[in-house]
Amino acid sequence: DTEVTQTPKHLVMGMTNKKSLKCEQHMGHRAMYWYKQKAKKPPELMFVYSYEKLSINESVPSRFSPECPNSSLLNLHLHALQPEDSALYLCASSGGFGNTIYFGEGSWLTVV
Amino acid sequence: AQRVTQPEKLLSVFKGAPVELKCNYSYSGSPELFWYVQYSRQRLQLLLRHISRESIKGFTADLNKGETSFHLKKPFAQEEDSAMYYCASQPGTYKYIFGTGTRLKVLA
């Protein structure tokens, strides 16, 4: 199984809502990632968890809150988002240096 | 700052023509380098990586440390190669940086 699974595929939320994006991998990877991708732009790194600990936070606003419940799961909690946060949110996982990073299909988020 | 540059946003070639997608990186160490591809309505997926020196779907990429480049090449483009291509650098164990991407269109 070389898949990263993300739910939901699409999410529409208001600026006062609280929602979560979920991600799962069963490849035994030690690192999991959240990327944000706007239309016609490359993926931008948001967070990295390695060994279930947050190791990189690319100065992401606190309205995005990551969580890693265990080595296979990664969540992104969303609260008080802005319309400009509308984007494709990609989850990924990898095994380490020189290893491939595997991406999920992404969650399309629209903030209204 | 660590950066990956892909100078062409769009590259159009005719079927059967050679293809070269350019990638330059800025990093003083020895990053691991990759090419990723995103076909229409599909997830971002690995095309090839420098460490394994493999050729996938006829594509190859050579690392030139002097020019800090990792250009992607294919001698004869096929229509099914039309996609978005991203060059990526791995300057640290758990950090991947993506270039701005080049859309390849292969014309019949």
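The model shown is predicted, which means the values in this text are computed figures rather than measured ones.
Between B/Y94 and A/A31, the closest heavy-atom pair is CD2-CB, 3.2 Å.
When hydrophobic clusters are built by joining Ile, Leu, Val, Met, Phe, Trp and Tyr residues whose side-chain heavy atoms come closer than 4.5 Å, directly or via intermediates, B/I97 is not grouped with A/W34. Residue B/L72 is grouped with residue B/Y39 when hydrophobic side chains (ILVMFWY) are merged at heavy-atom distances under 4.5 angstrom, including chains of intermediate members. B/Y85 is connected to B/I56 through a chain of hydrophobic side-chain contacts under 4.5 Å among Ile, Leu, Val, Met, Phe, Trp and Tyr, so both are in one cluster. A/L90 and A/V60 end up in different hydrophobic clusters when Ile, Leu, Val, Met, Phe, Trp and Tyr side chains are linked at under 4.5 Å. Side-chain heavy atoms closer than 4.5 Å link hydrophobic residues (I, L, V, M, F, W, Y) into clusters, and following such links, possibly through other members, connects B/L48 to B/Y25.
Looking at A/T100 and B/Y96, their side chains never come closer than 4.5 Å, going by heavy atoms from C-beta outward.
Listed by sequence position, B/F98, B/G99, B/T100 are the residues of residues 98-108 of chain B in contact with chain A, using a 4.5 angstrom heavy-atom cutoff. Chain B is approached within less than 4.5 Å, heavy atom to heavy atom, by no residue from residues 14-22 of chain A. Using a 4.5 Å cut-off between non-hydrogen atoms, no part of residues 80-89 of chain A approaches chain B. Residues of residues 35-56 of chain A lying under 4.5 angstrom from chain B, judged on non-hydrogen atoms, are A/Y35, A/Q37, A/K41, A/P42, A/P43, A/L45, A/V48, A/S50, A/Y51, A/I56 in numerical order.
In this structure, CD in B/Q90 is found 7.5 Å from CG in A/N99, a value given to the nearest 0.5 Å.
Looking at B/Y36, its side chain does come within 3.5 Å of a backbone N or O of A/I101 through a donor-acceptor pair.
Neither the backbone nor the side chain of B/Q42 comes within contact range of chain A; no heavy atoms are under 4.5 Å apart.
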